[in-house]
Number of protein chains: 4
Amino acid sequence: MADSLSLRPTQPRRMSREEKARETYRLLLEAAAQVVGTDGYADASISKITQLAGVAQGTFYNYFESRQDVLNRLLPYMGRQMLDHIASSMPRDLTGPAREEARLRAFFGYLDTHPTFYRILYEAEVFAPEAHAEHFRILVEGYKAALGRAVQRGEIQGFDENELEAIIYMLLASRAYIAMRYARDRNGHTGPVPEHVIQAYMKMLRRGLFSEA
Amino acid sequence: MADSLSLRPTQPRRMSREEKARETYRLLLEAAAQVVGTDGYADASISKITQLAGVAQGTFYNYFESRQDVLNRLLPYMGRQMLDHIASSMPRDLTGPAREEARLRAFFGYLDTHPTFYRILYEAEVFAPEAHAEHFRILVEGYKAALGRAVQRGEIQGFDENELEAIIYMLLASRAYIAMRYARDRNGHTGPVPEHVIQAYMKMLRRGLFSEA
Amino acid sequence: MADSLSLRPTQPRRMSREEKARETYRLLLEAAAQVVGTDGYADASISKITQLAGVAQGTFYNYFESRQDVLNRLLPYMGRQMLDHIASSMPRDLTGPAREEARLRAFFGYLDTHPTFYRILYEAEVFAPEAHAEHFRILVEGYKAALGRAVQRGEIQGFDENELEAIIYMLLASRAYIAMRYARDRNGHTGPVPEHVIQAYMKMLRRGLFSEA
Amino acid sequence: MADSLSLRPTQPRRMSREEKARETYRLLLEAAAQVVGTDGYADASISKITQLAGVAQGTFYNYFESRQDVLNRLLPYMGRQMLDHIASSMPRDLTGPAREEARLRAFFGYLDTHPTFYRILYEAEVFAPEAHAEHFRILVEGYKAALGRAVQRGEIQGFDENELEAIIYMLLASRAYIAMRYARDRNGHTGPVPEHVIQAYMKMLRRGLFSEA
DNA sequence: TATGAATGAGACTTCATTCAT
DNA sequence: TATGAATGAAGTCTCATTCAT
């Protein structure tokens, strides 16, 4: 199980009732994220979650309809965090492959600092399929727009729109499997992705997708 | 749930004791594959499996140590089937990208005819992680040898061994996500992968990995 | 569940504190009656009741000691309503069997216009046994007085007091079972009792209880 | 709660597996009857039932689909017992009111020796409505045949078939309410019905239903 | 080896009630 | 007096595993 320390802050400054409710909700969601990230969706019991959140089991049902409900909300919650992180750590004015590389590094960076995210994302296809599908829809949508701009800039040539969608799935897939293989050590702890892996990815991308001089 | 018909053949010809035991083992494994492929690992109960196999619940424990035991054996069993299928459907004498394309089509072909395999493979990372790792080890090993030969033939240039391993993960990843996205319809039923997706994959590969004139 | 519309009137004219409290009490009681009449005692949760009454859950406990408390008050509240209804719809100056028939029709009439009453009354023996016993005590008491007058008028002969009490139970029982069988359609909705049933009841009564020429 | 003594016989003679299973089923059903008869359907928990039966909670679900399932089977099980009891204790060759009286006494006799039956029957309308309806269907059917024969013998005159059905409901109702009122003392323990009550019932019946000289 | 009844831990969920605001 | 979040006991049900036959 995850740490048995409560997530409840020790020094809760005076809060209004509504604030406190919001806080409890956040607490439960964070606890759920931690538990799922550590033990997986299948072993994420309400009892573990509430214990970590420092509330009674019954309290859980004041905020979520069911166990499945909280599982469904996990990926949207973390996914938005991740996208925000990536957006905020992308340097302006990058174009072409350099932009792709920055994006990739930002993704791995988020993974490195949020060790629970990988499992939440990966297992979601099994345990929260709709959330997973929606997450993908958002990712693919954003990626399509980005690649569309690259096409307009003439950086990418020779792929029609449908082909580009397929390519996007390949790139997202590659990220995930690279993370699975290279971003964790023997003990399952996360770590940075080796440089040569990023280089291989970029080489493939530069040659295969971008039409560089 | 899967078909409620038993997998037990109605007219078993006279078998020796050992043969019968082997047959029961196979029966249970096939039943497990069917159940997992349909309902997923999480919902694959011993009771469903034995019912489909046409034996009593207790019999299960004469052949497997535990529920986890049978789950662990599933992917090796199906994985070998898949590799045999691919090997046997690969035309001789193909080289370069054409060989890759044949391999890809053989994989999708297997998926199309063995609808349970995708789920068994995909969920294995969660529910049978060691089997999943071993399956990958075998795949990657084989792929390394194949790409090694391509390097020797001069079809691939500019990637060192470590980089090639990363590329292999990208390719395996791409297969999996393409299957996830394109090889199933709205109802989760399998179907063939659209041609343009295969074309996009190959275009990326030809340009990005192979050094074609 | 019952209607989700609140029972709280939208335009409450200015009320004194005490009036408002009385109003809230009545509101909760009516809501409880509605919920019990629709869902039964067993499924009448505080949450349903307060929601229908348009007040917070906590408010409930300002007016009732416990869940059982409100259940106990339901039948007395509705029972008085029913008796008032019957009393007010009984023509003056009826005697003998005619008086009994009027009483019976008034009872069925109340049931028809107050569909929740049947369930509140019937299930009370299980869920509010003391209230049920008290309700019966009142009914029987009244009935005894009525039959006593009939005896004095010479309309009834050959039954001593103890026997008359037994007869009263038979008559109240008959009403209830007739309602159970004939006053509801397939869907559990209430409706009028068929005329021939009333005729059978009266025939039995005229011959069996009253000594008619 | 009911007695905490187990219903399991202390000296179980050697039984085949099937016999033992049958015995466990019977044990659970009897335990359920006892618990429901004592505490009512609403408070009949699986845990109480299995404890009384002397088996583990899980065992319950080898024999019943759900809690509701066992509740549904209770009345049919006891109802058949009761009908058998009545049939076997009815003297041959009785006709007319005497036959009715024997039937009534047999019913009260069963109640007296099976104290749990009353509650199982009465609460069934609320907690096992289909079983209750079916029980009534059977009772009414049987009663119709019996009264039909009385009509043919000329013992009953002036009631058509529809009216007789209504009368049957009145008689069944009367039994039930008489039992409710007279067959239990202050502490809820069963006892015999006072003679004068039976006399009142019979007087009403003789005059009201039967056409005696 | 085959059987299938028995086991019991543990999961999810409901809901009457309390209490600080 | 009104609020509604928090509580925790209790209930139903599932299922991997054991074991006597």
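Computation of the quantities below employed the complete heavy-atom set of this structure, encompassing side-chain atoms and omitting hydrogens, waters and symmetry-equivalent molecules. Note that the structure is a prediction, hence the values are computed from the model and not measured. Here is how names work: the chains are called A, B, and so on, in the same order as the sequence lines, proteins then strands, and each is numbered from 1.
No contact: B:Phe64 has no heavy atom under 4.0 Å from any strand. Note on A:Arg17: a base of the nucleic acid sits closer than 4.0 angstrom, heavy atoms only.
A side-chain contact (heavy atoms from CB on, under 4.5 Å) with C:Ile49 is found for exactly one of C:Val36, C:Leu29, C:Leu28, C:Leu27, namely C:Leu28.
For B:Tyr63, counting side-chain heavy atoms from C-beta on, the closest listed nucleotide (F:dG4, E:dC12, E:dA2) is E:dA2. Checking E:dA16, E:dA5, F:dA16 against every side-chain atom of D:Ala21, the shortest atom distance belongs to E:dA5. Checking E:dT3, E:dT17, F:dA16 against every side-chain atom of B:Tyr61, the shortest atom distance belongs to F:dA16.
Between C:Glu65 and A:Glu65, the residue anchored closer to the 5' end of DNA chain E is A:Glu65, taking for each the nucleotide with the nearest heavy atom. If B:Thr59 and C:Ala42 are placed on DNA chain E by their nearest nucleotide, the residue sitting closer to the 5' end is B:Thr59. Of the two residues near DNA chain F, D:Ser47 and A:Gly58, the one whose nearest nucleotide lies more 5' is A:Gly58.
Of all non-hydrogen atoms in D:Ala56 and D:Thr50, the two that sit nearest each other are O-CG2, 3.7 Å. Minimum interatomic distance between D:Arg119 and D:Thr38 (heavy atoms only, all atoms of both residues): NH1-O, 2.9 Å.
In this structure, A:Tyr122 and B:Tyr122 have parallel ring planes: the angle between them is below the 30° cut-off, well short of the 60° mark.
The phosphate of E:dA6 has OP1 or OP2 within less than 4.0 Å of a side-chain N or O from D:Thr24.
Side-chain atoms of D:Asn62 and base atoms of E:dA6 include a donor and an acceptor less than 3.5 Å apart.
Going from atom CD of D:Gln68 over to atom P of F:dG11 covers 17 Å, rounded to whole Å. A straight line from CD of D:Glu18 to P of E:dT3 spans 16 Å, rounded to a whole angstrom. Atom CD1 in A:Ile46 sits about 21 Å away from atom P in F:dA10, given to the nearest Å. Taking atom NZ of residue B:Lys20 and atom C1' of nucleotide E:dT3, one finds them 13 Å apart after rounding to whole Å. Following rounding to the nearest Å, B:Glu19 (CD) and E:dT1 (P) show an atom-to-atom distance of 16 Å. Between the P atom of E:dC12 and the CD atom of A:Gln57 lies a distance of 8 Å, rounded to the nearest Å. The CG-P distance, from A:Leu71 to E:dT13, rounds to 10 Å in whole Å. In this structure, CZ of B:Phe60 is placed 14 Å from P of E:dT3, rounded to the nearest angstrom.
Proximity of a side-chain donor or acceptor of B:Arg73 to a complementary backbone N or O of B:Phe64 within less than 3.5 Å is not detected.
Here C:Asn72 contributes atom CG and C:Ser66 contributes atom OG; the two are 7.5 Å apart, rounded to the nearest 0.5 Å.
Annotation: ring pair (Phe, Tyr, Trp, His ring centres under 6.0 Å) contacts of D:Phe127 (sequence neighbours excluded): C:Phe127, D:Tyr41.
For B:Glu23 and B:Lys20, the salt-bridge test fails: no basic side-chain N is under 4.0 Å from an acidic carboxylate O.
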**DNA chain F base-pair string [pairs: Watson-Crick or G-U under 3.5 Å; |: paired with another strand]** = .||||||||||||||||||||
